[in-house]
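Below, chains carry the letters A, B, ... as their sequence lines are ordered, and counting in each starts from 1. For clarity, every value in this text was computed on a predicted model and none was experimentally measured.
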Amino acid sequence: MTDIAITVNGELRKASVPSETTLLQLLRDNFQLTGAKLGCDVGDCGACTVIVDGAAVNACLMLAVQAEGRDIITIEGLANRQVFHPLQQAFEESGALQCGFCGPGVILSAKALLDENPDPDVYEIRDALAGNLCRCTGYTKMIEAVQNAARILRGEPEISSRMISR
Amino acid sequence: MRPFQVYVAKDSEHAVSLLCEHAPRAVILAGGTDLLVDLKHGSKPWDVIVDISRAEDLNAITLTGEGLAIGARVTHTDIMRSPVIRESAPALIDAAHSIGAVQTRNLGTIGGNLMTCVPSMDSGPALLALDAGVTIRGPEGLRRLPLAELFVGPRKTSLAPTEILVDIVIPKHNLGKPLVFLKFGLRKGQALALVNVAAGCRLNGGKVWEPTIALGAVAPTVIRAQAAEAYLAGRAPSEQNLSETGRIAAQEAKPISDFRASADYRRDLIAVLVARALRQACAGTEIEQAEMIA
């Protein structure tokens with residue numbers, strides 16, 4: 001067993017786990033943070049995406065011991081009981097998720113992008129989401145939602161798809 | 001995953017001493033994007049993992065008297081963001097960008113890409129076309145070998161179980177050499193190359209000088225297309241000569257047919273991509289010369 005201490009969503013969390021535990025297993029099984037999903041488990045689908053020290057990574061491809069001392073953000077760290085994160089708000093308003101299984105990963109990939117690049121173009125957004133497979137939406141509304149969230153975060157008025165359709 | 005022990009190496013020397021203690025049942029973990037898949041689904045008997053993802057001496061990108069040294073655990077994202085690589089070997093940035101997706105590029109390392117040694121690796125062709133060398137650390141210390149001698153076959157390198165890759169060095173005289181990397185996959189993201197090509201040259205008095213052509217995914221390892229290089233050297237970069245160079249490169253390769261593409265299709269791709277890369281590289285060369293005259 002290995003003792004691990006990591007910061008998750010701003011809070012120091014500790015666990016003692018076998019060496020072969022992935023970061024994804026640590027988050028889901030030990031910390032009950034089930035927002036990051038177990039999809040393909042080989043780094044193809046992106047459903048397990050979390051942010052480690054500012055970078056989006058596949059939690060299924062990182063051993064928990066490799067996360068020791070690092071700063072992790074999961075989907076549970078974005079909203080509080082009062083308000084959504086602008087990305088979550090924009091995804092809801094655009095109807096950018098259907099079944100939603102890919103959603104936590106997609107939103108965290110988008111967050112990692114916007115944290116570094118507050119005004120990405122469509123190609124940069126597509127590149128940032130290329131590692132998150134979504135079989136429902138076709139991505140169009142996701143890209144629209146990321147653009148809207150970027151506008152909200154920059155303090156500009158958002159362009160709502162509801163407003164466009166009216 | 002079956003149980004294993006993890007040791008965190010503080011630097012490459014520490015990693016080698018851990019390997020000496022536990023070889024051949026020990027394996028190096030860098031970015032983990034290939035190794036974790038192997039640990040979950042492979043049949044290798046490793047029970048010791050030597051984690052170099054925190055090793056202090058393996059993550060620098062440095063210009064030295066010899067050339068450009070890239071540490072083995074530099075990630076694909078690090079490469080894409082490196083101003084010195086953008087300046088001196090931009091084809092490496094295109095190659096890094098073509099790998100996997102953001103999440104795997106944030107974890108995966110250039111050393112891991114070379115050491116996993118799959119024929120379709122995207123880091124290999126550009127480095128091979130730039131005559132890169134690799135520094136290896138073993139129990140006796142450091143040694144240097146040409147990158148081509150690292151590659152033995154699919155998933156097989158020439159390193160002993162007690163040795164690790166320290167860095168990759170692009171020789172000084174090839175920094176800034178016009179080189180173009182092109183990859184043909186079935187999608188843009190999360191796709192392995194059907195064929196990838198790095199080709200470059202300089203122009204001297206309207207003639208091609210020092211052409212280098214490297215091919216990936218079309219032989220047991222990444223290879224140089226030496227007959228094609230020899231054909232093009234000293235000739236004008238005309239459409240006809242570039243097409244013929246591509247045709248010769250396609251003959252030199254030994255592609256296989258698999259569920260992604262047939263060998264014939266891969267040969268056609270080689271001919272097209274080699275000519276296209278050389279055309280772009282020659283255009284870059286002319287622009288640079290025009291700028292120098294201005």
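- Neither the backbone nor the side chain of B:Arg187 comes within contact range of chain A; no heavy atoms are under 4.5 Å apart.
- Looking at every heavy atom in both residues, B:Ala101 comes nearest to A:Gly131 through CB-CA, 3.3 Å.
- Of all the listed residues (A:Ser19, A:Ala112, A:Pro18), the one sharing the greatest number of non-hydrogen pairs under 4.5 Å with chain B is A:Ser19.
- Here B:Arg54 is the residue among B:Arg54, B:Gln5, B:His41 with the most heavy-atom pairs under 4.5 Å with chain A.
- Counted within 6.0 Å of NZ on A:Lys141, heavy atoms from surrounding residues, nucleotides or ligands total 12 or fewer; the atom is thus considered open.
- Put simply, the side chain of B:Lys40 never gets that close to the backbone of A:Val42: no donor and acceptor are under 3.5 Å apart.
- Across B:Thr104 and A:Gly43, no two heavy atoms sit closer than the pair CG2-O, 4.0 Å.
- Residues of residues 71-98 of chain B that come within less than 4.5 angstrom of chain A, heavy atom to heavy atom, are B:Arg81, B:His97 in numerical order.
- The main-chain N or O of A:Ala56 is never found under 3.5 Å from a side-chain atom of B:Gln103 such that the two would form a donor-acceptor pair.
- Heavy atoms closer than 4.5 Å to chain B are found nowhere in A:Thr2, neither backbone nor side chain.
- Minimum heavy-atom separation, A:Val57 to B:Asn106: CG1-CB, 4.2 Å.
- No other option in A:Thr49, A:Thr21, A:Asn58 has as many heavy-atom pairs under 4.5 Å with chain B as A:Asn58.
- Side-chain contact between A:Leu61 and B:Val37: present, with at least one pair of heavy atoms (C-beta onward) separated by less than 4.5 Å.
- Note that the CG atom of A:Leu23 and the CG atom of B:Leu36 stand 11.0 Å from one another [nearest 0.5 Å].
- For residues 62-71 of chain A, heavy-atom neighbours of chain B at less than 4.5 Å comprise A:Met62, A:Leu63, A:Val65, A:Gln66, A:Ala67, A:Glu68, A:Arg70, sorted by residue number.
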- request: Go through the steps to decide whether A:Glu20 and B:Ile49 satisfy the test side chain to side chain contact (heavy atoms under 4.5 Å, CB included), and finish with yes or no.
  value: CA-CA 10 Å; A:Glu20 62 272 19; B:Ile49 307 291; over 6 Å; no

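- Counting heavy-atom neighbours within 6.0 Å of A:Arg126 CZ, excluding the residue itself, gives a total of 12 or less.
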